[in-house]
Number of protein chains: 2
Amino acid sequence: MKWDTLEEEPCSVARTVAVIGDRWTLLILRECFLRIRRFDDFQASLGITRHLLADRLKKLVRFGVLRKIPYQDAPKRYEYILTQKGLDLYPIIMSIVHWGNIHMVDARGRPMLHQHKTCGKMFDPVMVCSECGEPLSAKSVHVHPGPGARKSSPVHAKAAERAKAG
Amino acid sequence: MKWDTLEEEPCSVARTVAVIGDRWTLLILRECFLRIRRFDDFQASLGITRHLLADRLKKLVRFGVLRKIPYQDAPKRYEYILTQKGLDLYPIIMSIVHWGNIHMVDARGRPMLHQHKTCGKMFDPVMVCSECGEPLSAKSVHVHPGPGARKSSPVHAKAAERAKAG
DNA sequence: ACATTAAGTTCTATTTTAGAACTGTCAATA
DNA sequence: TATTGACAGTTCTAAAATAGAACTTAATGT
């Protein structure tokens, strides 16, 4: 697999992974949602090397996840803020946080708690069906090829057959 | 940052990223949810090098996301199947798919469609508040330090102040 | 004149990954 | 009996990515 063409794969997971699929990028996005916006603040709070930080920010800007906004003119300085496309990553970050809360906490408990401004309560995120509102699980979902699908893979066909037989 | 201690960071994002935060792992998990279970099937469908595949599978087993189940005795052969901890990654994968569907599709449309067995309809996943059921957005959520929090970071405090001032 | 803040860039050493070939077991086939 | 093929890895070298530190540029404050 060549990572530079991953974003053209006929798969929405692969295309998203092309944008956010590495450790530093996910941690940078966490900081964005915690309202970190400046180069040195990202660097200080993450301990990422400046080289990689510059690289990742550039990439996120190129993909339209972040936008550079000038906050000072002399010398020119920019803040990195989330675009709508970036804000739309929120469910990904929240589901990552939630899985960590459930499966990776130590004895001290959760590092962070979330309060819903709308209803005022502490909450967990729940993923539901847009049509009926019921919570989703892997087993309650059927996958179909869509209009942008590649020709069906023999490997998946074989695996599906085995699953039916065994 | 040292990746080998990332899972002990006082942050649920960091801890989850320690498990799933690289390209290949996310793509391997996609295949798991598409019912791929065997070494050579993962290898063929992803084009990952056998070396890395072995490494990533081992790691996912170590973290309790996958379990090795024998399916044949001579020679001993195993399948890798998702544990409950692994199945619980479903919202992460689905939110990744959904973001790709919205922001990364080309003219041909979505590679895959999802049907909810419970209600029978094609759907999109929606993340809602566990308490009031309303859809969540970054702006409708307040973050509080929890019992497992680290001492509050000066970087975040400074950034929050700037956000209030500016 | 000198130190500081901010946002990078450049450098070398180390680690990870890619790509291909190789190993070991067993079953089925010629 | 010898050969082929399926399967699940391991081992090897070359290429790429990352870590860690120092350097650059531009302006401000003392």
- request: May I ask you to evaluate whether A/Tyr80 reaches the phosphate of C/dG8, defined as a side-chain N or O under 4.0 Å from OP1 or OP2?
  value: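 Checking C/dG8 against A/Tyr80, a side-chain N or O does come within under 4.0 Å of OP1 or OP2.
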
Below the 4.0 Å mark, does D/dT10 have OP1 or OP2 next to a side-chain nitrogen or oxygen of B/Lys58?
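Affirmative; the distance criterion is met.
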
Which whole-number value in Å describes the distance from [X] [atom1] to [N] [atom2]?
X	N	atom1	atom2	value
B/Arg38	D/dC7	CZ	P	7 Å
B/Ile48	C/dA18	CD1	P	7 Å
B/Asp4	C/dT15	CG	P	11 Å
B/Leu53	D/dC7	CG	C1'	12 Å
B/Phe39	D/dA8	CZ	C1'	6 Å
A/Arg37	C/dA6	CZ	P	16 Å
B/Tyr78	D/dA6	OH	C1'	18 Å
B/Arg23	C/dT16	CZ	P	17 Å

Could you go over nucleotides 23-30 of chain D and give all protein N or O partners under 3.5 Å, atom names and distances?
from   : atom 1 : to      : atom 2 : distance (Å)
D/dA27 : O3'    : A/Ala74 : O      : 3.3

Under 4.0 Å, heavy atoms only, any strand: does A/Phe42 hit a base, just the sugar-phosphate, or nothing?
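Touches nothing.
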
Donor-acceptor pairs are to be reported for all side-chain atoms of residues 96-104 of chain A against protein atoms at under 3.5 Å, with residues two or more places apart or in another chain.
from     : atom 1 : to      : atom 2 : distance (Å)
A/Trp99  : NE1    : B/Lys85 : O      : 3.0
A/Asn101 : OD1    : B/Ser12 : OG     : 2.7
A/His103 : NE2    : B/Asp88 : OD2    : 2.7

By ring-ring contact (aromatic ring centres under 6.0 Å, His included) - contacts of [X] (at least two apart):
X	result
A/Phe39	none
A/His114	none
B/Tyr80	none
A/Phe33	A/Tyr90

When you get a sec, tell me which of D/dG9, D/dA8, C/dA6 is the closest nucleotide to the side chain of A/Asp40?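 Of the candidates, C/dA6 comes closest.
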
Give a yes or no on whether a salt bridge exists between A/Asp41 and B/Arg162, defined as a side-chain N under 4.0 angstrom from a carboxylate O.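 Result for this pair is yes, salt bridge flagged.
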
Margin query: Salt bridge or not between A/Asp40 and A/Arg77? Use side-chain N to carboxylate O under 4.0 Å.
Written below: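 Salt bridge: no.
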
N/O donor-acceptor pairs under 3.5 Å from side chains in residues 62-76 of chain A, not counting sequence neighbours:
from    : atom 1 : to      : atom 2 : distance (Å)
A/Gln72 : NE2    : A/Pro75 : O      : 3.2
A/Asp73 : OD1    : A/Lys76 : NZ     : 3.0

Item to check | With sequence neighbours excluded, residues passing salt bridge (Lys or Arg N to Asp or Glu O under 4.0 Å) with A/Lys121 | outcome: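 A/Lys121 satisfies salt bridge (Lys or Arg N to Asp or Glu O under 4.0 Å) with no residue once adjacent residues are dropped.
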
Check your understanding: Excluding sequence neighbours, so at least two apart, what forms side chain to side chain donor-acceptor pair (under 3.5 Å) with A/Asp106?
Key ->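 Scan of A/Asp106 (side chain to side chain donor-acceptor pair (under 3.5 Å), adjacent residues dropped) gives B/Arg15.
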
Which residues, if any, of residues 60-71 of chain A bring a heavy atom under 4.0 Å of DNA chain D?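 DNA chain D contact set from residues 60-71 of chain A: none.
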
Please write out the pairs of protein N or O atoms and N or O atoms of nucleotides 14-18 of chain D separated by less than 3.5 Å, giving the distance to one decimal.
from   : atom 1 : to      : atom 2 : distance (Å)
D/dT18 : OP1    : A/Arg56 : NH2    : 2.7
D/dT18 : OP2    : A/Arg56 : NH2    : 3.2

What pairs of donor and acceptor atoms, side-chain ones from residues 131-148 of chain A against any protein atom, are under 3.5 angstrom apart with sequence neighbours left out?
from     : atom 1 : to       : atom 2 : distance (Å)
A/Ser140 : OG     : A/Ser137 : N      : 3.3
A/Ser140 : OG     : A/Ser137 : O      : 3.0
A/His144 : NE2    : B/Gln115 : OE1    : 2.8

Exercise. So, does B/Ser130 use its side chain to make a donor-acceptor pair with the main chain of A/Asp124 at under 3.5 Å?
Worked result: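 Looks like yes, one N/O pair under 3.5 Å.
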
